[in-house]
**Student:** 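This is the structure I want to talk about, given as structure tokens.
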Amino acid sequence: MGYDHAAIEQKWQQAWEADGLYRAEVDWDRPKHYAVTMFAYPSGDLHIGHWYAMTPSDARARYMRMKGYNVLFPMGFDAFGLPAENAAVQNNVHPWEWTYRRIEFMRNQLRSMGMMIDWSREVVSSDPSYYKWTEWFFKKMYEAGIAYRGEALVNWSETLQTVLANEQVIDGKDERTGQPVEQRMMEQWFFAITKYADELLSYDGIDWPDPIKTMQTNWIGRSEGAMVTFASPAGDIEVFTTRPDTLWGATFMVLAPEHPLVAGLTSDEQRAEVDAYVAAAARRSELERMEESREKTGVFTGGYATNPVNGAAVPVWIADYVLISYGTGAIMAVPAHDQRDFEFARQSGLEIAPVIQPEGSDKLVADEMEESYVGPGTMVDSGPISGVSTNMEKGRKNPSIAATIDWLEENGAGVESVNYRLRDWLISRQRYWGSPIPIIYRHDGGLETVADDDLPVVLPRDVEFLPSGRSPLKTHEPFLQTIDSDGQPAIRESDTLDTFMCSSWYWFRYLGPQVELAPFDPEEAAYWLPVDTYTGGSEHAVLHLLYARFFVKAMRDMGLFDETVAIMEEHGRDPEMVLREPFLQLRNQGQILGEERAGDIVAVDGEWDGERLLADSIKVGGDQAGTVTGELMSRKERVMRVATEAGVVIVEAKPDTTVEIAAIPGENDVNQLNHHLEIERMSKSRGNVVNPDDLVVEHGADTVRTYLMFAFDWLKGGPWDSRGIAGAGRFLDDVWRLGTADYDEGEVEAAATAALRRRVHQTIRKVGSDLHDFKWNTAVAALMTLRNDMLAALRSGDVTAAAWTEAVDSLLLLLAPIAPHITEELWTLRGGAGSIHSASWPVADDAIAREETVTMVIQVNGKVRDRIEVAADITAADAEAAALASARIAEWTKQGQIRKVIARPPKLVNVVVD
RNA sequence: GGGCGAGUGGCGGAAUUGGCAGACGCGCAGGAUUCAGGUUCCUGUGAGGUAACACUCGUGAGGGUUCAAGUCCCUCCUCGCCCACCA
């Protein structure tokens, strides 16, 4: 049976588009809802993960629309980026072609999902009409002093032939491609995101998941302390410390090998050794450094610096446990109270000077210490702050730190200071397929921005891609050669902008994508901003989502919202959040993983030890039989669960157990069995990609949408299960049956009618709150329950025709956001007015939804002993009486004294017996 | 090493303020329909126990608070994610 999903879905997709059903227009008389789902990278085709991310967002936008909001739900493409360029090199396709062909393909796929996208607002970040404004934003930032060119140690990828931002490097590798990255000193373009570090730490007024906020907070990494100056013959050495109170215990200093003062401090005797160490450190990539053991190495420079608190000459060492990229690249070492310094001191025979006396114990003796002491106590041997107590608090909240900072500032030896882990955002890339940077290098050596009238600097199309991967812009003379504002020959900047810059403002461009004089239309912005709901993957926690917040704050400071704010105030709207944050509410979906494979068949030989089989040998694959033969279900450490025909058997591997895996020749290990159970990310190379287009052909878009929303906890995701989709298909087949049935009243029963109506109104309430709260799975479950009740009613005919009609209409309306096509078709077939997607969300009548009688649980000492039907409005006294009247309860309570009775009508009564 | 989150049937997952654990679905089993397979329909489905009830056990492990704990507190284990020599 079933319904003709292919015909219905296509028909309605075309009809909706022809009618402009989803076009959103400013209407100040109606409440607005601006819903955005992260725009798509045109990777080629949408995989099931896109559906998983996007269709629930679509369902929510549809729900809000039915609730009476004027909803804007646009879509665009994040079209610049390296893959297009790689394809150009490998397959000889121009990035333009590669990108736009994929966008066209993906547009069709998005249509096939039945999304309520307002396509009239589509943006493509590689269109000159879009990147004109990306360039313009850069120019504005430059003029405002937020964008600057500077030399710094940056992440360079030789294989990708470009630099990368800090946020894009994970474990010394590019986060997207896994290509290794090395540190290089280079002159690059930056955004001064660190100016906004403190402001970015505040999440006031936004409803974001705590883990994302935590990750951003950790990424920004604010620490409070002091900047202290140690004088040396080679110049002042600045150090940042969170523990200035331990300055009197600073017995040596350590500089990063890359520190600029290293050469000047190095004595002639030490020079050879220092040079060798610096050279060795430079040769090692970040990756290699991390792979090495934590053994601390370092060498003495031969130079000394002066500890400002006591004038002591402290030896200056270099070691690679001090990173040039954090703080000032130099530290004061307090071995007695810092574990890393302690280890280094012990290894190198350096002095250890305790300055904290632990609470309730004797003074520490350096030679007896086995590790550094980091606990609370009293400062000792610390000059003016001796005797001050110290606790575990950070910054000025710790009395010893507060006292030291005061002393340092009074004596001009240091200042209170805050240090951040966050570094400025490196935005230039040595790539072709990105937005050009509108900068000209003048004939006189200066810099100037491209005039507004000349924006955008257009990316030339006639370029040749070389196997080296080097950007063709670097050698494209017609692009490079230009003239400056004096009419003199000049050279264009040939780096392009990080694609994360394109995605840092795209939701503004939806608000006037055709506007030519500004990046967005202030009137539109005043109405729609800020974004009410933003959905997407949590992998952008510290990339896109941090940059987006920074962008809004910078735009505010550059006055780019002035007009918008004026219009908002005219209409009596509070602009505060528009000026502060891009997205009021953020929700991150989880990830759909590849389908779980059935475990391999294993044959285990061994001896029984009570309940488990101690394995002598485990054979995987092939068709051997053993003491136990069955499917491997799970493995934790050395313990496996094996499903045999007789049941689940626990198998434990011994250290000398032999493991043979047919697919892996040679010696094997129990640990390798995990590979045979792994649930993996979907990827083409693993061959476990679920293609949504095939699913749509087989089951229909509505079924795929319903299944995706039903089968997972949306925030968590999980492995795909190709069998489970059948349940969603059966559900929609039933909906079709219910929606097209000719209902015949049989023997109508008042109670049955009331029960169905009660179910309907309870479902209205449940589905509404679940869709509001992004709880798709329980919303669908509630609709399935309604379906079950309606099928029963259809069979028996015991409800009134009016109740039946109400049930069918409600079912269709409640399901419309989730399965838009089938509900629209049935709505129309049943003579519904207009589109179901423009209909109003049904309102639950609490009087109808209310249960008349409920099952009250009666417990004895907290254990359920009886259940009785009582009126829903039963009083506590009556509930108690009813409970005690129960024969079964009397049976349970006759052994002891009834101490008390706790009545929670109408849910439960608990009889407490001694 | 640090931070955050999570552990519930064969599986995905439900479970307002602590108050009937396992909603809904998948799978599985039995039955009906069918020449047969599939589809569809009905019934059952945490474990033990029983003819059937009763009853006992049961939300990673152990302890605690409470009349009552998946939920709160403590200790531990495992898994996931993020950061990681961060001064």
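Quick note on labels: first sequence line is chain A, next is B, and so on, each numbered from 1.
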**Student:** Between A/Gln859 (CD) and B/C67 (C1'), how many Å, whole number?
**Tutor:** 9 Å

**Student:** If we take the P atom in both B/A84 and B/G48, what is their distance in whole Å?
**Tutor:** 50 Å

**Student:** If I pick the P atom on B/U16 and the same atom on B/C11, what distance separates them, to the nearest angstrom?
**Tutor:** 23 Å

**Student:** How many whole angstroms separate atom NZ of A/Lys775 from atom C1' of B/A14?
**Tutor:** 10 Å

**Student:** Within this structure, what is the CG-to-P distance between A/Asp721 and B/C11, rounded to whole angstrom?
**Tutor:** 12 Å

**Student:** Quick check with a 6.0 Å cut-off and a 45 degree axis cone: is A/Arg705 positioned over the face of A/Trp51's six-membered ring?
**Tutor:** no

**Student:** Taking the nucleotide of RNA chain B with the nearest heavy atom to each, does A/Asn777 or A/Ala728 sit closer to the 5' end?
**Tutor:** A/Asn777

**Student:** Does B/G5 count as syn, meaning its glycosidic angle lies within 90° of 0, or as anti?
**Tutor:** anti

**Student:** Grab the CG-P distance between A/Asn218 and B/A84 for me, whole Å please.
**Tutor:** 10 Å

**Student:** Specify the separation, in whole Å, of atom CZ of A/Arg243 and atom C1' of B/A87.
**Tutor:** 12 Å

**Student:** Can you check whether A/Phe344 and A/Trp317 have ring centres sitting under 6.0 Å from each other?
**Tutor:** yes

**Student:** Using the C1' atoms only, state how far B/A32 lies from B/G25, rounded to an integer number of Å.
**Tutor:** 23 Å

**Student:** Mind calculating the distance between CH2 (A/Trp219) and C1' (B/C4) to the nearest angstrom?
**Tutor:** 16 Å

**Student:** Expressed in whole Å, how much space separates the C1' atoms belonging to B/U78 and B/A61?
**Tutor:** 10 Å

**Student:** What interatomic distance, in whole Å, is found between P of B/C73 and the corresponding atom of B/G10?
**Tutor:** 28 Å

**Student:** Which base sits across from B/A29 as a Watson-Crick or G-U pair, both distances under 3.5 Å?
**Tutor:** B/U43

**Student:** Give the ring-plane orientation class for A/Tyr52 versus A/Trp714, where under 30° counts as parallel, over 60° as perpendicular and anything between as tilted.
**Tutor:** tilted

**Student:** Both distances under 3.5 Å, Watson-Crick or G-U wobble: report the partner of B/C35, or none.
**Tutor:** none

**Student:** Indicate, yes or no, whether a donor-acceptor pair under 3.5 Å links the base of B/C20 to the side chain of A/Lys907.
**Tutor:** no

**Student:** Is there a Watson-Crick or G-U wobble partner for B/C4 with both distances under 3.5 Å, and which nucleotide is it?
**Tutor:** B/G80

**Student:** Measure the distance from CG on A/Asn419 to C1' on B/A87 and round it to the nearest whole Å.
**Tutor:** 9 Å

**Student:** Does B/A61 have a Watson-Crick or wobble mate here (both distances under 3.5 Å), and if so which one?
**Tutor:** B/U75

**Student:** Give a yes or no on whether a salt bridge exists between A/Lys766 and A/Asp770, defined as a side-chain N under 4.0 angstrom from a carboxylate O.
**Tutor:** yes

**Student:** Where do A/Leu786 and A/Met790 land on the side-chain contact (heavy atoms from CB on, under 4.5 Å) test, with the steps shown first?
**Tutor:** CA-CA 6 Å; A/Leu786 175 60; A/Met790 286 175 71; 3.8 Å; yes

**Student:** Using a 4.0 Å heavy-atom cut-off across all strands, classify A/Arg899 as base, sugar-phosphate, or nothing.
**Tutor:** nothing

**Student:** In whole Å, what is the span from the OH atom of A/Tyr707 to the C1' atom of B/C24?
**Tutor:** 13 Å

**Student:** Heavy atoms under 4.0 Å, any strand shown: does A/Gly729 hit a base, just sugar-phosphate, or nothing?
**Tutor:** nothing

**Student:** For the residue pair A/Thr328 / A/Glu238, report whether a side-chain donor-acceptor contact shorter than 3.5 Å exists.
**Tutor:** no

**Student:** Remember a base hit wins even if backbone is also touched, and classify A/Arg787 as base, sugar-phosphate or nothing at under 4.0 Å, heavy atoms.
**Tutor:** sugar-phosphate

